[in-house]
Engineer: 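Got a structure for you, written out below as structure tokens; questions coming shortly.
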Protein chains: 2
Amino acid sequence: MDITQERTEDRNLPFDVFARACPSRGTLEHVTGRWGGLTLGALHEGSLRFNELRRRVDGVSEKMLSQTLHALERDGLVHREAQPTNPPRVDYELTPLGREVAERLLSLIHCVEGRMDDVLAARERYDGMRGTF
Amino acid sequence: MDITQERTEDRNLPFDVFARACPSRGTLEHVTGRWGGLTLGALHEGSLRFNELRRRVDGVSEKMLSQTLHALERDGLVHREAQPTNPPRVDYELTPLGREVAERLLSLIHCVEGRMDDVLAARERYDGMRGTF
DNA sequence: CCGTATCCGCCTTGATACTG
DNA sequence: CAGTATCAAGGCGGATACGG
């Protein structure tokens, strides 16, 4: 019932991410978490319905997507627009704040994707070290 | 013995982060994981030794820091420099690739930190909705 | 000082079933 | 379609002890 379990970290103390009790650490984890980032990334391309999102983010379960969306909505990054029709239609889209965050996140994602061959090469070097030496 | 448990995701397929089997998803998780991001952030300020890092990143255990560093080193984001002295001294620092990634990550972190009051306000609104009526 | 090895509890996750 | 409820399983992460 409590959306996403907040623990000890969420008290109001100075905003130093490195400190255990920093409130922004929680939000950061929602954003960078396993599904949060991919969800924001998907929504950056435009408004999406629940099951569209589910199909787009490969591997996410209904439950996790639901939890993720609630957390992001609560943090003010995602806006939920429900139409009381039948069948129901619910659209999710980024808020202005969400767009800002998503853009920086995508910059990171693209950076990693673009340098992926470097990463793969580094891995082979690393693994080679331990195998032969 | 296998550093950081790689699962099904790590095959060589097209680099579409949204796909379950995308190799960059793994690296992205190392970078944005609970401790990966904070570790990169700390190292962005300069080279650090193991225990300096451990003190800097509040709440990380030896085991998790060790795992995190290995994953980042394997991905070519962090360089490990061991001096065979006694007592041993090991310095960790970002590689050029690591610096690039860390900068984008920090941009994200600072964005979230800077807008934290918006987030907190959004949360109060959200929680208020569910409390009353 | 710099880690690795082992144990173990708990939370996250995923599957399934169900509701509006 | 758009979710919530429930439950079992296992991996993640912490604590501890030990090794180089």
Side-chain angles (χ1 to χ4, degrees), chain A residues 1-10 20 25-26 29-30 32-39 42-43 47-74 78-93 130 133, chain B residues 1-10 20 25-26 29-30 32-39 43 47-74 78-93 130:
Chain A
M1 195 61 93
D2 52 296
I3 305 307
T4 187
Q5 306 74 337
E6 309 283 24
R7 291 183 302 280
T8 55
E9 318 136 15
D10 281 77
R20 210 195 312 238
R25 204 134 124 177
E29 275 167 28
H30 299 157
T32 61
R34 178 126 181 249
W35 305 116
L38 297 173
T39 302
L43 285 176
S47 168
L48 287 174
R49 302 175 62 177
F50 188 83
N51 279 318
E52 289 175 335
L53 216 36
R54 187 155 147 50
R55 278 187 294 273
R56 188 73 221 279
V57 179
D58 193 19
V60 69
S61 66
E62 285 189 356
K63 191 173 92 174
M64 292 318 295
L65 181 57
S66 178
Q67 270 188 28
T68 301
L69 286 170
H70 276 301
L72 294 176
E73 188 192 357
R74 189 167 104 96
V78 162
H79 175 67
R80 180 178 183 277
E81 184 93 25
Q83 286 164 29
T85 60
N86 192 308
R89 177 190 177 97
V90 181
D91 290 275
Y92 291 93
E93 60 183 351
R130 305 178 45 91
F133 87 91
Chain B
M1 197 58 95
D2 52 296
I3 304 308
T4 188
Q5 308 77 336
E6 310 282 27
R7 292 184 299 282
T8 55
E9 320 135 14
D10 281 76
R20 213 196 308 242
R25 203 134 125 177
E29 276 167 28
H30 298 156
T32 63
R34 177 125 182 250
W35 304 116
L38 297 172
T39 303
L43 285 176
S47 167
L48 287 173
R49 304 176 61 178
F50 187 83
N51 279 319
E52 289 174 336
L53 215 36
R54 187 155 146 51
R55 279 186 293 273
R56 189 72 220 279
V57 179
D58 193 18
V60 69
S61 67
E62 284 189 356
K63 190 174 93 173
M64 292 319 296
L65 181 57
S66 178
Q67 269 188 28
T68 301
L69 285 169
H70 275 299
L72 294 175
E73 187 192 358
R74 190 166 103 97
V78 162
H79 175 69
R80 180 176 182 279
E81 183 92 26
Q83 284 163 32
T85 59
N86 193 306
R89 176 191 178 97
V90 181
D91 290 275
Y92 291 92
E93 60 183 350
R130 306 177 44 90

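Residue numbering restarts at 1 for every chain, and letters A, B, ... go by the order of the sequence lines.
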Engineer: What is the distance from CG of A:Asp91 to P of D:dC1, rounded to the nearest Å?
Structural biologist: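 Those two atoms, CG and P, are 14 Å apart.
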
Engineer: Please determine if a side-chain N or O atom of A:His70 lies less than 4.0 Å away from the OP1 or OP2 oxygen of D:dG3.
Structural biologist: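 Answer no for this pair, as no side-chain N or O of A:His70 is under 4.0 Å from OP1 or OP2.
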
Engineer: Return whichever of B:Trp35 or A:Ser66 has its heavy-atom-nearest nucleotide of DNA chain D closer to the 5' end.
Structural biologist: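 That would be A:Ser66.
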
Engineer: Under 4.0 Å between any heavy atoms, over every strand shown, what does B:Gly33 touch: base, sugar-phosphate, or nothing? Just pick one.
Structural biologist: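 Touches nothing.
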
Engineer: Quickly, which of B:Glu62, B:Met64, B:His70 forms a side-chain contact (heavy atoms from CB on, under 4.5 Å) with B:Ser66? Name it, please.
Structural biologist: B:His70

Engineer: Quick check for you: among C:dC2, C:dG14, D:dA2, whose closest atom lies nearest to any side-chain atom of A:Arg34?
Structural biologist: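 Closest nucleotide among those given: C:dG14.
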
Engineer: Can you tell me the distance, in whole Å, between the CG atom of A:Leu65 and the C1' atom of C:dA15?
Structural biologist: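 In whole Å, C:dA15 C1' and A:Leu65 CG are 16 Å from each other.
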
Engineer: Between D:dC1, D:dG20, D:dG3, spot the one nearest the side chain of B:Pro88, thanks.
Structural biologist: D:dG20

Engineer: Assign each of B:Glu52 and B:Lys63 to its nearest nucleotide of DNA chain C by heavy atoms, then name whichever residue's nucleotide is nearer the 5' end.
Structural biologist: B:Glu52

Engineer: Go through C:dG14, C:dT4, D:dG3 for me and flag the one nearest to the A:Met64 side chain.
Structural biologist: C:dG14

Engineer: Is there a side-chain contact between B:Val78 and B:Leu43 in this structure, where contact means two heavy atoms from C-beta onward sitting under 4.5 Å apart?
Structural biologist: yes

Engineer: Nearest-Å distance, CG (A:Leu48) to P (D:dA2)?
Structural biologist: 11 Å

Engineer: So do the side chains of B:Leu65 and B:Val57 get within less than 4.5 Å of each other, counting heavy atoms only?
Structural biologist: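 SC-SC contact between B:Leu65 and B:Val57 ruled out.
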
Engineer: Check the distance between D:dA2's C1' and A:Gln83's CD and give it to me in whole angstrom.
Structural biologist: 13 Å

Engineer: Hey, does the side chain of A:Tyr92 come within less than 4.0 Å of D:dC1's phosphate (OP1/OP2), counting only N and O?
Structural biologist: no

Engineer: Roughly how many Å is it from CZ in B:Arg54 to C1' in D:dG13, rounded to a whole number?
Structural biologist: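 Atom-to-atom, B:Arg54 to D:dG13, this comes out as 13 Å.
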
Engineer: Is there a side-chain contact between B:Phe50 and B:Val90, using heavy atoms and a 4.5 Å cut-off?
Structural biologist: no

Engineer: It should be established whether B:Asn51 places a side-chain nitrogen or oxygen under 4.0 Å from OP1 or OP2 of nucleotide C:dC2.
Structural biologist: yes

Engineer: Expressed in angstrom and rounded to an integer, what is the separation of A:Asp58 atom CG from C:dG14 atom C1'?
Structural biologist: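 Roughly 15 Å, once rounded to whole Å.
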
Engineer: Side-chain N or O of A:Arg89 less than 4.0 angstrom from OP1 or OP2 on C:dG20?
Structural biologist: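 For C:dG20, OP1/OP2 do not have a side-chain N/O of A:Arg89 under 4.0 Å.
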
Engineer: Please examine the side chains of B:Leu72 and B:Thr39, heavy atoms only from C-beta on, and report whether any two atoms are closer than 4.5 Å.
Structural biologist: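 The answer is yes; the side chains approach within 4.5 Å.
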
Engineer: How long is the line joining CD of A:Glu62 and P of D:dT4, in whole Å?
Structural biologist: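 Going from A:Glu62 (CD) to D:dT4 (P), I get 10 Å.
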
Engineer: Taking only the side-chain heavy atoms of A:Val90 (C-beta and beyond), determine which of D:dC1, C:dG14, D:dG3 contains the nearest atom.
Structural biologist: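 In terms of side-chain proximity for A:Val90, the closest of D:dC1, C:dG14, D:dG3 is D:dG3.
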
Engineer: Taking CG from B:Leu53 and C1' from C:dC2, how many angstroms apart are they, rounded to a whole number?
Structural biologist: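 Answer to the nearest Å: 12 Å.
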
